[in-house]
Novice: 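The structure that follows is given in the form of structure tokens.
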Amino acid sequence: MTTELENKSRFLRACRGLPVDQTPIWLMRQAGRYMPEYRAIRARHTMLEVIQTPELAAEVTLQPIEAFDFDAAIIFADILPPLIGMGLNLEFVKGEGPVIHNPIRSAQDVDRLATPPAAETLAPTLEAIRLVTAELTPRGIPLIGFAGAPFTLASYAIEGGSSRTYARTKTFMYAEPAAWKRLMTRLVTVQADYLIQQAKAGASALQIFDSWAGLALGQTDYERYVLPYNQMLFQMVARAGVPVINFSTGTSAYLETVAAAGGDVLGIDWRLPLDVAWQKIGFDHPIQGNLDPVTLLAPWRELKAHIDDVLDRAGGRPGHIFNLGHGILKETPVENVRRLVDYVRERTAGGGA
Ligand code: CP3
């Protein structure tokens with residue numbers, strides 16, 4: 001049965017490749033530091049406090065909807081908190097980003113990781129999803145739930161934070177293939193359950209972020225050390241019965257392989273022109289992207305030229321969701337986001353581009 005929201009939401013229609021009245025738009029990291037309303041909340045609460053207090057997470061999730069009228073909301077959370085329930089000590093350190101104080105450095109470390117149900121360890125996010133959807137469903141706006149893909153999460157768990165080379169992660173993967181398999185399998189178990197619970201709590205679509213696998217690995221290693229686990233995850237999450245967006249960066253060289261791992265929509269970065277990427281995966285496969293987030297810092301004539309380029313290359317085909325090629329930067333002027341949304345609406349009104 002198709003619900004009213006599934007029929008009417010241009011975002012959910014585009015996820016299924018159906019025609020829309022105008023191109024749907026939302027932005028990765030749309031709730032964040034570029035917004036004064038967000039900075040006001042973060043001045044009084046830590047990142048984890050916001051995520052773990054359902055009312056605060058719900059409020060922050062709604063901020064960009066009220067400000068810019070996006071076609072979808074994304075629940076305010078992060079990909080890393082599920083690692084806390086697995087036994088890792090996560091902290092968001094001001095000016096430094098995420099830090100894990102007891103990173104995985106040995107096979108024995110993998111074996112001490114727990115796989116608790118999301119209903120126990122991620123209850124505040126599930127409750128925030130209920131609060132947000134109670135508000136947004138009557139307004140016809142869908143909510144996206146999300147989680148990290150196993151490689152991206154493993155990279156934080158092993159490096160203990162962000163990395164440029166992923167040297168520890170890759171060394172572990174090469175040196176301890178059996179422990180790598182156990183680690184990736186445990187991450188898949190936890191993420192699949194978390195994503196399915198987010199759909200049960202009310203999320204109408206799910207996005208899986210594999211932000212770093214493509215930047216870290218060539219095609220052969222991707223196929224050997226990542227692909228089987230992503231396939232497992234997408235297969236398990238398909239049971240949630242909602243559209244799933246498969247987002248990655250740095251995977252242009254083997255995009256067809258990434259798309260074949262699963263998901264209904266492929267989220268792409270800004271490195272390939274949209275039509276080139278789309279042709280690689282087939283125009284019948286819905287696609288999301290792919291404005292370079294840095295163009296939002298540029299003068300309007302340059303920003304407009306880049307938006308036009310994305311829309312020209314989408315060519316008014318059904319199954320395009322406008323987004324950035326990666327998360328919005330904290331330096332982004334709010335008025336450029338306003339202009340972006342207005343311009344995409346104006347240019348695509350009527351369904352064509
Ligand atoms: O899109 C949204 O509005 C939902 C919120 C969201 C956040 N993180 C909030 C956040 C989402 C979808 C994420 C995903 C996430 N988190 C990813 C995958 C997406 C991507 O960008 O590739 C990754 C790799 C992380 C891990 C993470 N969280 C890092 C590396 C950092 C520090 C870097 C930074 O941008 O500050 C975070 C912190 C974080 N997550 C912030 C926000 C709004 C900034 C925290 C703050 O308010 O100080």
Side-chain angles (χ1 to χ4, degrees), residues 25-52 56-68 70 72-84 88 90-100 125 128-129 132 143-157 159-164 166 169 191 194-195 198 203 205-216 245-251 267-271 288-290 293-294 321 323-332 337:
I25 177 168
W26 71 279
L27 305 182
M28 289 186 279
R29 298 266 188 116
Q30 64 191 16
R33 286 164 296 185
Y34 76 101
M35 292 186 75
E37 303 91 311
Y38 175 84
R39 292 196 300 270
I41 298 250
R42 281 284 283 107
R44 288 181 276 123
H45 303 277
T46 66
M47 179 72 182
L48 281 175
E49 265 168 23
V50 180
I51 292 174
Q52 292 170 348
L56 287 176
E59 183 182 343
V60 170
T61 301
L62 294 171
Q63 284 175 343
I65 301 300
E66 309 308 347
F68 307 110
F70 288 118
I74 179 163
I75 191 64
F76 188 79
D78 195 87
I79 60 165
L80 300 176
L83 297 177
I84 300 172
L88 296 174
L90 169 71
E91 188 189 354
F92 287 97
V93 179
K94 204 175 158 58
E96 206 181 315
V99 174
I100 285 162
T125 297
I129 289 173
V132 170
L143 175 70
I144 304 166
F146 71 90
F151 180 91
T152 294
L153 291 174
S155 79
Y156 287 99
E159 306 285 340
S162 302
S163 172
R164 268 183 175 277
Y166 307 94
T169 308
Q191 300 310 301
Y194 181 35
L195 286 159
Q198 291 185 65
L206 299 167
Q207 177 156 322
I208 296 176
F209 287 89
D210 207 356
S211 304
W212 311 138
L215 297 178
I245 305 165
N246 172 356
F247 172 75
S248 60
T249 82
T251 50
I268 58 167
D269 71 14
W270 39 267
R271 290 169 178 86
Q288 175 175 282
N290 71 340
V294 176
I321 298 157
N323 206 315
L324 305 177
H326 204 169
I328 192 168
L329 300 175
K330 66 175 189 296
E331 299 82 3
T332 304
V337 178

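Worth knowing before you read on, the calculation uses all heavy atoms, side chains too, and leaves out hydrogens, waters and symmetry mates. One-based numbering along the sequence shown. Because the structure is predicted, anything quoted here is derived from the model rather than measured. Counting starts at 1 for both ligands and their atoms, in listed order.
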Novice: Are I84 and Q52 close enough that some pair of their side-chain heavy atoms sits under 4.5 Å apart?
Specialist: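 Heavy-atom side-chain distance check passes, below 4.5 Å.
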Novice: Flag the pair E37 / E66 as yes when at least one side-chain heavy-atom distance between them is below 4.5 Å, and no otherwise.
Specialist: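 No, side chains not in contact.
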Novice: Check for me whether the distance between the ring centres of F247 and F146 falls short of 6.0 Å.
Specialist: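 No, the ring of F247 stays outside the 6.0 Å limit from the ring of F146, centre to centre.
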Novice: Give a yes or no on whether the backbone of T169 and the side-chain of E159 come within a donor-acceptor separation of less than 3.5 Å.
Specialist: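 Flag set: sc E159 to bb T169 pair under 3.5 Å.
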Novice: I'd like the name of whichever of W212, F92, Y38 reaches closest to atom 43 (C) of ligand 1 through any heavy atom.
Specialist: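 Ranked by closest heavy atom to atom 43 (C) of ligand 1, first place is Y38.
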Novice: Below 3.5 angstrom, do we get any N/O pair linking S162 and ligand 1?
Specialist: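 No; the residue has no nitrogen or oxygen that sits under 3.5 Å from a nitrogen or oxygen of the ligand.
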Novice: For T152 and ligand 1, does the shortest N/O to N/O distance drop below 3.5 Å?
Specialist: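 There is no such contact.
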Novice: Which residue holds the protein heavy atom closest to atom 1 (O) of ligand 1, what is that atom called, and what is the gap in Å?
Specialist: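 So the nearest neighbour among protein heavy atoms is R29 N, 2.6 Å.
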Novice: Short check: is a protein heavy atom less than 4.0 Å from atom 9 (C) of ligand 1?
Specialist: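 Given the 4.0 Å cut-off, atom 9 (C) of ligand 1 counts as touching protein heavy atoms.
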Novice: For ligand 1, which atoms, with element, lie under 4.0 Å from some heavy atom of F209?
Specialist: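 Checking each atom against F209, I get 12 (C), 18 (C), 19 (C).
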Novice: Would you mind finding which of H45, R39, Q30, M47 brings a heavy atom closest to atom 42 (C) of ligand 1?
Specialist: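 Considering heavy atoms of H45, R39, Q30, M47, the nearest to atom 42 (C) of ligand 1 sits in M47.
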Novice: Looking at S211, which atoms of ligand 1 are within less than 4.0 Å of one of its heavy atoms?
Specialist: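 Counting from 1, the qualifying ligand atoms are 18 (C), 19 (C), 20 (C), 22 (O).
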Novice: Identify the closest protein heavy atom to atom 24 (C) of ligand 1: which residue and atom is it, and at what distance?
Specialist: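 Protein heavy atom with the smallest distance to atom 24 (C) of ligand 1: Y156 OH, 3.3 Å.
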Novice: Of the protein's non-hydrogen atoms, which lies at the shortest distance from atom 28 (N) of ligand 1, and what is that distance?
Specialist: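 Checking every protein heavy atom, the shortest distance to atom 28 (N) of ligand 1 gives D78 OD1, 2.7 Å.
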Novice: Do the non-hydrogen side-chain atoms of L27 and N323 ever get within less than 4.5 Å of each other?
Specialist: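 Yes; the side chains approach each other to less than 4.5 Å.
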Novice: Check ligand 1 against R42 and write out every atom of the ligand that is under 4.0 Å from a heavy-atom position of the residue.
Specialist: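 It comes down to these atoms of ligand 1: 46 (C), 47 (O), 48 (O).
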Novice: Is F247 near ligand 1, meaning one of its heavy atoms is under 4.0 Å from it?
Specialist: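 Contact absent.
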Novice: Go through the steps to decide whether T249 and R271 satisfy the test side chain to side chain contact (heavy atoms under 4.5 Å, CB included), and finish with yes or no.
Specialist: CA-CA 8 Å; T249 82; R271 290 169 178 86; 4.1 Å; yes
Novice: Begin from the C-alpha positions of F76 and M47 and carry the test side chain to side chain contact (heavy atoms under 4.5 Å, CB included) through to its verdict.
Specialist: CA-CA 10 Å; F76 188 79; M47 179 72 182; 3.7 Å; yes
Novice: Answer yes or no: is there a side-chain heavy-atom contact under 4.5 Å between F209 and S248?
Specialist: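 SC-SC contact between F209 and S248 ruled out.
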Novice: For atom 14 (C) of ligand 1, what is the closest protein heavy atom, and at what distance to 0.1 Å?
Specialist: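 Heavy-atom neighbour on the protein nearest atom 14 (C) of ligand 1: I79 CG2, 3.7 Å.
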Novice: Is there a side chain to side chain contact (heavy atoms under 4.5 Å, CB included) between Y38 and K330 once you walk through the steps?
Specialist: CA-CA 11 Å; Y38 175 84; K330 66 175 189 296; over 6 Å; no
Novice: Within the 4.0 Å heavy-atom shell around H326, which atoms of ligand 1 are there?
Specialist: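 Those atoms are 20 (C), 21 (O), 22 (O).
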Novice: Nearest non-hydrogen atom to atom 34 (C) of ligand 1 belongs to which of K330, R33, M28?
Specialist: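 Residue with the shortest heavy-atom distance to the ligand atom: R33.
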Novice: T152 pairs by side-chain contact (heavy atoms from CB on, under 4.5 Å) with which of L80, D210, I208?
Specialist: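 Single pass found, and it is D210.
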Novice: Evaluate the criterion side chain to side chain contact (heavy atoms under 4.5 Å, CB included) for residue pair Q30 and I65; output intermediate values, then yes/no.
Specialist: CA-CA 9 Å; Q30 64 191 16; I65 301 300; 4.1 Å; yes
Novice: Should you measure from each heavy atom of A77, which atoms of ligand 1 turn up under 4.0 Å away?
Specialist: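 With A77 as reference, the close atoms of ligand 1 come out as 5 (C), 6 (C), 7 (C), 8 (N), 9 (C).
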Novice: Which residue and non-hydrogen atom of the protein lie closest to atom 11 (C) of ligand 1, and at what distance in Å?
Specialist: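 The protein heavy atom lying closest is F146 CZ, 3.6 Å.
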Novice: With sequence neighbours left out, write down each residue that passes ring pair (Phe, Tyr, Trp, His ring centres under 6.0 Å) with Y34, or none if nothing qualifies.
Specialist: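 Y34 satisfies ring pair (Phe, Tyr, Trp, His ring centres under 6.0 Å) with no other residue.
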Novice: Against heavy atoms of A31, which atoms of ligand 1 measure under 4.0 Å?
Specialist: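 It comes down to these atoms of ligand 1: 3 (O), 43 (C).
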Novice: Which ligand 1 atoms does I75 reach within 4.0 Å, using its non-hydrogen atoms?
Specialist: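 Counting from 1, the qualifying ligand atoms are 4 (C).
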Novice: Can you name the atoms of ligand 1, numbered from 1 with element, that are less than 4.0 Å from a heavy atom of P98?
Specialist: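 Close to P98: 29 (C), 30 (C), 31 (C), 32 (C).
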